[in-house]
Amino acid sequence: MNIRQQLNDIFQTAMTAAGIPADCSPAVAPAKKAGFGDYQANGAMAAAKKVGTNPRELAAKIVDNLGDQPMIEKVEIAGPGFINIHLSEDWMGKTLAAARADDRLNIATIAEPQTVVLDYSAPNLAKEMHVGHLRSTIIGDALARLLEFQGHKVIRQNHMGDWGTQFGMLLAHLSDQIQKEDAEVALADLEKFYREAKIRFDEEEGFADRAREYVVKLQGGDPECLKLWQRFIDISISHSEEIYEKLNVTLKRSDVYGESRYNDDLPVLVQELLDRGIAVEDQGAIVVFLEEMADKEGNPSPMIIRKQGGGYLYATTDLAGIRYRANQLKADRIVIVVDARQSLHLKQAFTTARKAGFLPETVSLEHCAFGTMMGEDGKPFKTRTGGTVKLAALLDEAVERATALVAQKNPDLSQEERELIGRVVGIGAVKYADLSKTRTNDYVFNWDSMLAFEGNTAPYLQYAYTRVRSIFRRAGVNPSDLKGDIILGTDAERALAIKLNQFGEVLDQVAKDTFPHVLCTYLYELASAYMGFYEACPVLKEGVSEEEKLSRLQLCDLVARTLATGLDLLGIEVLEQM
Ligand code: ARG
């Protein structure tokens with residue numbers, strides 16, 4: 001149910017009937033202020049300009065052509081030619097009843113599902129996951145859930161960094177360590193292991209040469225070496241899996257499609273670009289010079305796809321990835337969730353892929369960019385001593401802080417309850433703090449604001465959910481037993497009904513633009529509309545008629561379910577009691 005789209009269609013038809021050219025849009029949008037209807041059609045002004053008539057007269061003509069519309073109670077023309085739309089309360093009540101009767105809240109699956117490849121998380125397996133991978137993991141996973149809910153076929157691709165010269169040093173060190181201890185033990189702390197290997201590489205006589213030999217052997221497909229590499233990769237992936245588990249992220253081992261998977265294709269791809277004159281040799285390296293992205297002086301933008309020594313780069317792998325996803329995975333849409341600082345790199349890769357015809361023109365190629373996570377000091381988030389923050393440690397701290405907070409708020413909880421709530425709130429807070437910010441901006445990581453029970457936070461929404469649900473416990477009713485009409489007698493009920501009915505259009509918008517904060521803002525506004533309703537409209541108090549009570553309880557049920565569904569799409573859990 002996408003009301004905005006439905007109204008837009010209705011007004012488009014009316015515009016056509018009024019003789020307005022089809023390329024004029026009715027521009028229907030939710031009304032920004034109270035008193036201007038529920039929605040507005042703002043397209044009359046632009047259309048009037050185009051056909052050269054008076055906008056108010058044209059608006060009147062559109063309105064004359066609306067015909068009988070059960071959704072619409074009345075319309076009025078305001079100002080220079082805005083059309084304010086008031087929805088029918090009867091229609092809204094019926095729509096909400098239908099949503100209540102449906103597991104999916106009447107959100108239909110998409111008519112033309114796409115195959116969407118989502119590239120997200122992508123940690124480097126040589127090291128432990130750190131905060132730099134948090135945003136990609138959280139944002140990507142929310143999008144995966146949402147697109148899947150809409151009925152798209154989502155193929156998750158965890159483009160893990162599992163290849164490169166650093167593995168020479170790591171494997172040389174590992175082959176020594178496993179003479180003394182199990183590989184699992186040796187690799188229990190990846191950071192430590194990496195540091196040790198690096199020290200040996202820098203200081204130990206002969207080690208650097210062995211490391212280089214390992215690189216050659218690895219690239220040459222030496223079976224023993226590959227076995228060792230596989231062992232390393234497997235253990236490192238399990239570390240990432242622990243994080244995914246903690247974070248309630250849906251990525252599975254089967255979603256791992258690391259950089260190494262493109263190895264065989266890289267020389268082929270480079271040769272092909274050379275043969276077709278898209279890439280050229282330049283000082284021993286192979287480079288694509290992009291005229292399409294030339295700077296002000298007209299110098300083309302260079303992208304190296306093979307280094308002087310013959311090594312491949314990130315750019316080469318991303319090109320191979322795009323080609324693979326479009327042609328083998330048959331993607332209609334490829335979304336790469338990567339730091340905004342890599343915008344130039346991805347723009348070059350996208351431009352080259354298009355130029356080379358690596359993907360059908362119809363395939364949409366999108367960089368879902370996000371800003372940097374900052375500390376309180378306004379600099380990229382670091383430990384107190386300036387080191388990179390390990391993700392595992394950060395998440396543990398979130399759970400610890402939330403558990404303490406919950407215990408303080410509610411001292412009667414059992415140990416077990418406290419731990420459960422602490423985990424759900426702590427992890428939810430970290431995820432929501434990230435998702436609720438416009439993703440393209442940098443954002444400041446702040447424990448106190450993300451864990452606040454007031455404002456646009458996970459704890460606030462999670463708590464709002466439990467509060468709504470507690471009404472049913474107090475009333476002693478099961479929501480599925482509720483009957484009767486939904487009546488929207490007051491302004492607060494009406495405002496809440498409109499919010500509830502907007503869930504579908506919000507999901508459509510997030511699916512299209514990939515900005516999860518739009519869903520967060522919606523859920524926050526829904527919770528606020530509920531608070532307004534709760535204050536204005538008693539549900540269980542004496543003096544409320546049975547009819548009113550049943551209607552209001554149905555609204556409560558819809559609020560709870562919409563909050564739970566929305567948060568679930570963001571990868572955030574709710575609890576019956578907090
Ligand atoms: N592995 C890289 C890192 O750890 C990020 C990869 C981003 N994904 C991509 N398709 N380029 O920083």
Side-chain angles (χ1 to χ4, degrees), residues 116-141 143-144 154-167 170 190-191 194 229 232-233 236-237 239-241 243-244 247 249 251 255-263 265-266 269 288 303-305 311-326 328-329 331 333-353 358-359 363-373 380-382 387-392 394 439 514:
V116 186
V117 169
L118 261 178
D119 169 342
Y120 69 102
S121 191
N124 183 349
L125 291 181
K127 294 189 173 184
E128 216 167 293
M129 275 181 91
H130 58 81
V131 296
H133 301 111
L134 187 64
R135 300 206 74 187
S136 174
T137 306
I138 293 177
I139 295 169
D141 204 54
L143 296 174
V154 174
I155 304 180
R156 294 164 175 76
Q157 291 264 281
N158 197 344
H159 190 83
M160 284 180 159
D162 61 354
W163 200 253
T165 45
Q166 58 197 356
F167 282 94
L170 294 169
L190 278 177
E191 290 308 301
Y194 189 94
W229 170 78
F232 188 103
I233 296 302
S236 183
I237 295 178
H239 289 314
S240 302
E241 281 176 326
I243 303 267
Y244 296 150
L247 258 182
V249 156
L251 282 169
D255 302 318
V256 174
Y257 205 88
E259 295 184 40
S260 65
R261 301 294 283 266
Y262 300 107
N263 282 348
D265 192 36
L266 301 183
L269 184 144
V288 178
M303 177 172 75
I304 305 179
I305 55 172
Y312 298 103
L313 305 95
Y314 206 37
T316 334
T317 322
D318 270 328
L319 278 174
I322 291 168
R323 177 152 87 164
Y324 167 75
R325 292 160 187 177
Q328 254 70 45
L329 299 180
R333 182 177 184 191
I334 301 170
V335 181
I336 303 182
V337 189
V338 159
D339 198 309
R341 287 173 291 194
Q342 292 185 31
S343 294
L344 174 65
H345 155 73
L346 280 182
K347 196 171 173 210
Q348 290 178 323
F350 289 1
T351 308
T352 307
F358 280 172
L359 69 171
V363 176
S364 160
L365 201 47
E366 301 164 34
H367 175 196
C368 178
F370 53 83
T372 306
M373 194 165 129
F381 195 74
K382 290 264 176 340
T388 37
V389 180
K390 289 186 192 176
L391 212 39
L394 183 93
R439 63 167 162 75
T514 67

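Atoms within each ligand, like the ligands themselves, are counted from 1 in listed order. Just so it is clear, the model here is predicted, and its values are computed rather than measured.
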Restricting to side-chain hydrogen bond (donor to acceptor under 3.5 Å, both in side chains), what partner residues turn up for Tyr244, sequence neighbours left out? Ser121, Asn158
Under the ring pair (Phe, Tyr, Trp, His ring centres under 6.0 Å) test, residues paired with Phe350 that sit two or more places apart: none
Any residue meeting side-chain hydrogen bond (donor to acceptor under 3.5 Å, both in side chains) with Thr372, in chain and number order, not counting sequence neighbours: none
I need the minimum non-hydrogen distance between Ser343 and His367, along with the two atoms involved. OG-CE1, 3.6 Å
Is the charged tip of Arg323 near the ring of Phe358: under 6.0 Å from the six-membered ring centre and within 45° of its axis? yes
Tyr312 and Tyr262: aromatic ring centres closer than 6.0 Å? no
Tabulation required: pairs of a nitrogen or oxygen in ligand 1 and a protein nitrogen or oxygen under 3.5 Å; columns are atom names and distance to 0.1 Å; otherwise 'none'.
unit_1   : atom_1 : unit_2 : atom_2 : d
ligand 1 : 1 (N)  : Ala122 : O      : 2.9
ligand 1 : 4 (O)  : Ala122 : O      : 3.4
ligand 1 : 4 (O)  : His133 : NE2    : 2.9
ligand 1 : 8 (N)  : Tyr314 : OH     : 3.4
ligand 1 : 10 (N) : Asp119 : OD2    : 2.7
ligand 1 : 10 (N) : Asp318 : OD1    : 3.0
ligand 1 : 11 (N) : Tyr314 : OH     : 2.8
ligand 1 : 11 (N) : Asp318 : OD1    : 3.3
ligand 1 : 11 (N) : Asp318 : OD2    : 3.1

